[in-house]
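Okay, structure first, notes after.
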Amino acid sequence: MNLSKKYTFRPRKALLVILDGVGYSPRGPEFGNAVAGAKLPFLNRVWNERPTLHIQAHGKAVGMPSDEDMGNSEVGHNVLGSGRIFDQGAKLVSNSIATGAIFEGQAWKETVENVKKNNSTLHLLGLFSDGNVHSHIDHTKALVTRAVSEKVPRIRLHILLDGRDVPEKSALEYLNPFESWLDEFRKNGVDVEIASGGGRMTITMDRYEADWSMVERGWKVHVLGEGRKFSSAKEAIETFRNEDPKVIDQYLPSFVVAENGNPVGRIADGDSVIFTNFRGDRAIEISLAFTEKNFDKFDRVNPPNVVYAGIMQYDGDLKLPERFLVAPPAIDRTLGQYMAQSGISQYALSETQKYGHVTYFWNGNKSGYFDEKTEQYREIPSDVIPFDQSPEMKALAITEALEKALNENEQDFYRVNYANGDMVGHTGNYPATVHAMEFMDGCIERLWKACEKQNIVLFITADHGNADEMYQLDKKGNVEKDSKGNPVPKTSHTLNRVPFSVLDPENKLGLDSKIEKPGLANVAATILDAMGYETPEGYHPSLLTN
């Protein structure tokens, strides 16, 4: 790697702190802004007194189809780590459906031919909403429509209820019109039914092996047909809500739809299964359960022999799954690769919930190291409890580990993700999120003191918003209220920009407020610029002043 001709100072070291889910909003706490509602003596001093820009972290700035689409941690870290914008899962799948290419590929043909040959069932399993973070219900509808046109014998849907990327109790708003839509097929003799489901944080969609019991619970209802039985998904959701009015969609229990006591759609030998999530992190474990011969994470009982496909491939290095309908973005020349090839040492740290983001997603959806000699990855195991019960999460352990690494001063570039703003924010618990923010404030101040001591440049940003808007707002920007007059919690990401700040112990670095539409894609070049290295061709420009 060549030294930059822009500066005359020696190469510097840098730390990037990613405050996951901590966006910027000018609205106050009365609008559910837990960032504004928290006492943040250090971070507020940074944002008000240090060079700070508010940069784009959603929509087209991170490769999503439109600026009405939320950002998320996966695409945010892809962009942060690559310094460029690639079309992401939602856009790739939508385009492939629009052109028909998805149905011309070998994977779709194999799944359909299998069930027609065996007179068996096509199962569509995935997140059931239009959140467009992990999936989109329109993709599922397109697959159903095509399967019907190709005269697939039976179609069964296994729906993972959202309430996280969409309003927290919106499941029936998706389910009821969807069932009406299916009725039009059923009137014409099409055998299509919803067979099982449950909340996304209860079954199936675990990630980073944080809680395999979630996947096992999903396996039992989707594959074994074991679980509480109902005549319909609507009956299940309404029953669970009556039994516990406080439960939100993402935590709803699992259910099996049955007729005369028998499940209407167990996944069985000879069937085909398509996992309809395009985002990889919460798709990997269930894909392993269906495809790995020597699987040992839980007892699958009698695992069915099925043709399994992902709507996308969720891990290119592991080739998981081998069969996929749409090719993922080819993200090359990432910052991590560039540094590894140039002998610049790196240190990546987070707790389990976001560990893959500072490694796998940061590196362009690549597992493992580029150069194990120069890279050090550190994972702090997450607790397996609802995050609002312990809003500090593992921030203290992360801070202590990173302080130690900074004081040892052996690496050149450090990156860390604090998951609190996102994971606690997703619970919809405003007081807990305020507490999480306040706890993190002290942690970040400790990191800055270590950076000052070692003359390490500190960057502070986020991958998307969440904690900055925790109440549902109507089209006029007013807070929506429930029947009791309480604000309706918002558990999804926001469309707000995120802060990007630089703290330089030598006070040499500033940020250029004249750059048009700055976004996460500018961060990689900014880091290299501050460290005194040239930026690879094609990266979005640095945000530092000349």
Side-chain angles (χ1 to χ4, degrees), residues 1-2 11-18 20 73-84 86 207-210 279-285 287-288 292 313-322 328-382 394 397-398 401-406 408-419 456 459 463 520 523-525 527-528 531 533-536 538-539:
M1 183 180 291
N2 295 323
R12 307 279 300 278
K13 296 187 176 187
L15 162 64
L16 175 66
V17 173
I18 302 164
D20 210 295
S73 295
E74 176 191 28
V75 300
H77 285 75
N78 276 168
V79 174
L80 284 167
S82 68
R84 290 155 293 153
F86 292 82
R207 67 177 175 193
Y208 308 146
E209 303 192 47
R279 175 168 160 174
D281 56 349
R282 294 189 182 275
I284 288 175
E285 290 172 45
S287 296
L288 285 170
E292 193 170 82
Q313 187 169 60
Y314 305 123
D315 190 319
D317 290 323
L318 298 178
K319 307 299 181 187
L320 184 71
E322 291 187 3
I331 301 176
D332 62 350
R333 300 190 303 114
T334 63
L335 181 60
Q337 181 180 13
Y338 185 47
M339 287 184 167
Q341 291 174 345
S342 303
I344 297 174
S345 58
Q346 303 173 67
Y347 179 95
L349 170 68
S350 187
E351 63 178 277
T352 303
Q353 286 295 329
K354 298 292 179 177
Y355 173 71
H357 292 80
V358 293
T359 54
Y360 175 80
F361 291 121
W362 178 275
N363 289 332
N365 304 336
K366 179 188 182 300
S367 298
Y369 296 87
F370 290 110
D371 180 3
E372 200 164 353
K373 295 178 181 178
T374 60
E375 294 175 275
Q376 183 178 348
Y377 298 167
R378 175 80 186 276
E379 176 184 358
I380 306 293
S382 292
K394 291 300 182 181
I398 289 170
L402 187 50
E403 271 184 326
K404 183 175 184 295
L406 291 170
E408 290 173 350
N409 200 20
E410 294 179 352
Q411 277 81 26
D412 300 313
F413 173 58
Y414 304 80
R415 58 184 181 267
V416 62
N417 182 300
Y418 284 89
I456 295 172
F459 294 101
D463 52 349
L520 296 183
V523 171
I527 291 168
L528 287 172
M531 295 178 70
Y533 297 106
E534 287 187 349
T535 300
Y539 275 38

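- A heavy-atom distance below 4.5 Å is found between the side chains of Q313 and K319.
- For V358 against S350, the heavy-atom pair with the smallest separation is CG2-CB, 4.1 Å.
- Between atom NZ of residue K366 and atom OH of residue Y360 there is a gap of 10.5 Å, rounded to the nearest 0.5 Å.
- Looking at V416, T359, N417 one by one, the single match for side-chain contact (heavy atoms from CB on, under 4.5 Å) with L349 turns out to be V416.
- Using a 4.5 Å heavy-atom threshold, the side chains of Q411 and K13 count as separate.
- Inter-residue side-chain proximity for Q337 and N363 is flagged as unmet; no heavy-atom pair is nearer than 4.5 Å.
- Defined by atom type and a distance below 3.5 Å, a donor-acceptor pair is missing between the side-chain atoms of Q346 and T374.
- The minimum heavy-atom distance between S382 and K394, with the atom names listed, is CA-CG, 4.3 Å.
- Residues I456 and N409 form a side-chain contact, since some pair of their non-hydrogen atoms from C-beta on lies under 4.5 Å apart.
- Across L528 and M339, no two heavy atoms sit closer than the pair CD2-CE, 4.0 Å.
- In plain terms, the two heavy atoms of G83 and A524 that are nearest each other are CA-CB, 3.7 Å.
- Of all non-hydrogen atoms in Y414 and A405, the two that sit nearest each other are OH-O, 3.6 Å.
- One finds the CD1 atom of I527 at 10.0 Å from the OH atom of Y539 (value rounded to the nearest 0.5 Å).
- With R84 as the partner, the side-chain hydrogen bond (donor to acceptor under 3.5 Å, both in side chains) test is satisfied by one option alone out of T334, N78, D332: D332.
- With values rounded to the nearest 0.5 angstrom, S367 atom OG is found 9.5 Å from L320 atom CG.
- The two residues P329 and N365 come nearest to each other via the heavy atoms CG-ND2, 4.4 Å.
- Two residues are said to be in side-chain contact when any heavy atoms from C-beta on lie closer than 4.5 Å; K354 and S73 meet this criterion.
- Within 6.0 Å of atom CD in E292, more than 12 heavy atoms from other residues, nucleotides or ligands are found, so the atom counts as buried in its surroundings.
- Looking only at side-chain heavy atoms (C-beta outward), F459 and L15 stay at 4.5 Å or farther from each other.
- Between I18 and H77 the shortest side-chain heavy-atom distance falls below 4.5 Å.
- How far CZ of F361 is from CD1 of I331: 9.5 Å, rounded to the nearest 0.5 Å.
- Applying the side chain to side chain contact (heavy atoms under 4.5 Å, CB included) test to E372 and every residue at least two apart in sequence or in another chain returns Y369.
- Atom CZ in R378 sits 12.5 Å away from atom CD in E351 (nearest 0.5 Å).
- A distance of 15.5 Å separates OH in Y314 from CZ in R207, rounded to the nearest 0.5 Å.
- Contact of the F370 side chain with the Q341 side chain is not registered, since no non-hydrogen atoms from C-beta on lie closer than 4.5 Å.
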